[in-house]
Amino acid sequence: MFDLNPKKKIYDLLYVVFGSIILAIAITSILKPNGIITGGITGFSLVLEQIFGIKYTYLYYVISIGVLITTYLTLGKREARKIVVYSVTFPVVLIFFERFQFNLTENDLFLASVYYGIMAGAGTGLVLKGGFSSGGTDTIATIINRKLFRFMSVSTIIAALDIGVIIFAAFVFDLRIALYALLTQVVAMKAVEVVLFGFSAKLVKLEIISEYEKDIEVYILNQVRRGISKYNIMGGYTNSGRIKLVTICSLRESILIRDKIAEIDAKAFVSVLPVNSVWGEGVGFDRLTLDQS
């Protein structure tokens, strides 16, 4: 999406198309037939269907368009462009596959939760790999962060939204369904990570070189709420000095940072390195001492 190369744009759109198909099949042939729930807009739509009796596919479409319009009004055209393709096309794909009423798994909620998580995570990962956003809780969390809770990281708000949907589902359905929903979320998040980064790392180190390093630094510090190291470097081709930003973050946060960098400076250079373990203070880091008190 952020690359001006037409061939690259075609590949990115194919990622979105295949990701949408995989996710739609997962919802219509596993999640819905087995009566299980997940987080995000999908789970919220299923809960609302149970309450009001309106088909979840139509509710999903209305919510997606609502998120798109809200994004445009609050975050601007550039942020809305990231989700417009997925927000408009995926609900149509979902409605199409919902007509087949095909069930891939029956009478086994555990397997259904695992299989859904794998397929949904793979589909979402392909969308993210294409440089787009799903227009779901990640976008809503960005709006909340910028307009209401700037002291909270976007990742924290995403987790809170997903957990909120699952708690809501526990009241509308039952506790067992909500617990299976937690399983779908965990498996889906891992599947997204595998699609984007393989099996190796839980954390990544980002090395960022940009003319707009100050804007990127502010975003990482204040919205993602990760620490940054800064290094003076010299370009070998230009012989000009630059600042290199280095941060260590979760895989999900790296996607948020990538999208923001693309918005600020599409010509920035970013290297992504897998990190097996980090010792020290920080979210997701291991403590240096054995004393956990």
Side-chain angles (χ1 to χ4, degrees), residues 1-33 38-46 55-69 71-72 77-105 115-140 142 158 184-185 187-198 251-252 254-256 258-259 262-263 266:
M1 182 174 181
F2 306 113
D3 199 311
L4 298 178
N5 187 329
K7 191 173 182 180
K8 175 67 164 55
K9 279 192 173 184
I10 292 173
Y11 284 136
D12 290 345
L13 288 172
L14 286 176
Y15 277 130
V16 175
V17 171
F18 285 120
S20 298
I21 291 173
I22 293 171
L23 183 55
I25 292 173
I27 294 172
T28 57
S29 64
I30 300 177
L31 193 73
K32 178 61 174 172
T38 187
I41 292 179
T42 302
F44 190 56
S45 300
L46 289 167
K55 287 184 73 67
Y56 75 97
T57 49
Y58 301 139
L59 290 168
Y60 191 105
Y61 212 150
V62 171
I63 295 172
S64 294
I65 297 301
V67 171
L68 176 62
I69 294 172
T71 301
Y72 179 80
K77 184 188 297 185
R78 186 170 289 180
E79 288 289 334
R81 283 177 56 197
K82 298 178 185 177
I83 67 172
V84 64
V85 174
Y86 189 83
S87 297
V88 173
T89 59
F90 176 71
V92 175
V93 175
L94 184 62
I95 291 170
F96 173 77
F97 279 98
E98 198 268 340
R99 295 181 179 181
F100 293 101
Q101 297 185 347
F102 179 64
N103 192 351
L104 288 177
T105 61
Y115 290 154
Y116 171 78
I118 293 172
M119 292 184 66
T124 303
L126 288 174
V127 173
L128 295 174
K129 199 166 187 177
F132 292 83
S133 172
S134 64
T137 49
D138 54 341
T139 302
I140 297 172
T142 301
I158 291 173
T184 66
Q185 284 295 102
V187 176
M189 285 190 293
K190 185 59 183 177
V192 170
E193 294 174 3
V194 170
V195 169
L196 292 174
F197 301 101
L251 299 172
R252 191 168 198 172
S254 71
I255 298 300
L256 297 172
R258 181 200 67 179
D259 291 346
E263 175 188 332

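Residues passing the ring-ring contact (aromatic ring centres under 6.0 Å, His included) test with Phe96, sequence neighbours excluded: Phe100. Residues forming a side-chain contact (heavy atoms from CB on, under 4.5 Å) with Thr142 (at least two apart in sequence, or on another chain): Leu75, Arg146, Val154. Partners of Thr38 under the side-chain hydrogen bond (donor to acceptor under 3.5 Å, both in side chains) rule, at least two apart in sequence or in another chain, are Thr184, Gln185. Under the rule for a ring-ring contact (aromatic ring centres under 6.0 Å, His included), the partners of Phe90 that lie at least two apart in sequence or sit in another chain are Tyr60, Tyr86. With sequence neighbours excluded, the residues satisfying side-chain contact (heavy atoms from CB on, under 4.5 Å) with Phe102 are Ser29, Leu104. Residues satisfying the side-chain contact (heavy atoms from CB on, under 4.5 Å) criterion with Ala188, sequence neighbours excluded, are absent altogether. Under the side-chain contact (heavy atoms from CB on, under 4.5 Å) criterion, Tyr61 pairs with Ile65, Val88, Pro91, Val92, Ile95, not counting sequence neighbours.
Of all non-hydrogen atoms in Ile118 and Val187, the two that sit nearest each other are N-CG1, 3.5 Å. Across all their heavy atoms, Gly121 and Ala191 have their closest contact at CA-CB, 3.7 Å.
Side-chain contact between Ile41 and Ser45: present, with at least one pair of heavy atoms (C-beta onward) separated by less than 4.5 Å. By the 4.5 Å heavy-atom criterion applied to side chains, Leu31 and Leu46 are counted as neighbours. In this structure, the side chains of Val93 and Phe97 come closer than 4.5 Å at one or more pairs of heavy atoms. For the pair Tyr116 and Thr42, the minimum side-chain heavy-atom distance is below 4.5 Å.
Atom CZ of Phe44 sits in a sparse spot, with 12 or fewer heavy atoms from other residues, nucleotides or ligands closer than 6.0 Å.
Each salt bridge (charged side-chain N to carboxylate O under 4.0 Å, His left out) pair with one or both residues in residues 15-32, not counting sequence neighbours, appears once here: Lys32-Glu49. Residue pairs satisfying the salt bridge (charged side-chain N to carboxylate O under 4.0 Å, His left out) criterion with at least one member in residues 91-100, sequence neighbours excluded, are listed as follows: Lys55-Glu98. Sorted by first and then second residue, the salt bridge (charged side-chain N to carboxylate O under 4.0 Å, His left out) pairs with a member in residues 15-24 form an empty list; sequence neighbours excluded.
Put simply, CG on Leu23 and OG1 on Thr28 are 9.5 Å apart, with the number rounded to the nearest 0.5 Å. Considering CD1 of Ile22 and CD1 of Ile27, their distance stands at 12.0 Å, rounded to 0.5 Å. In this structure, OG on Ser20 lies 11.0 Å from CD1 on Ile25, to the nearest 0.5 angstrom.
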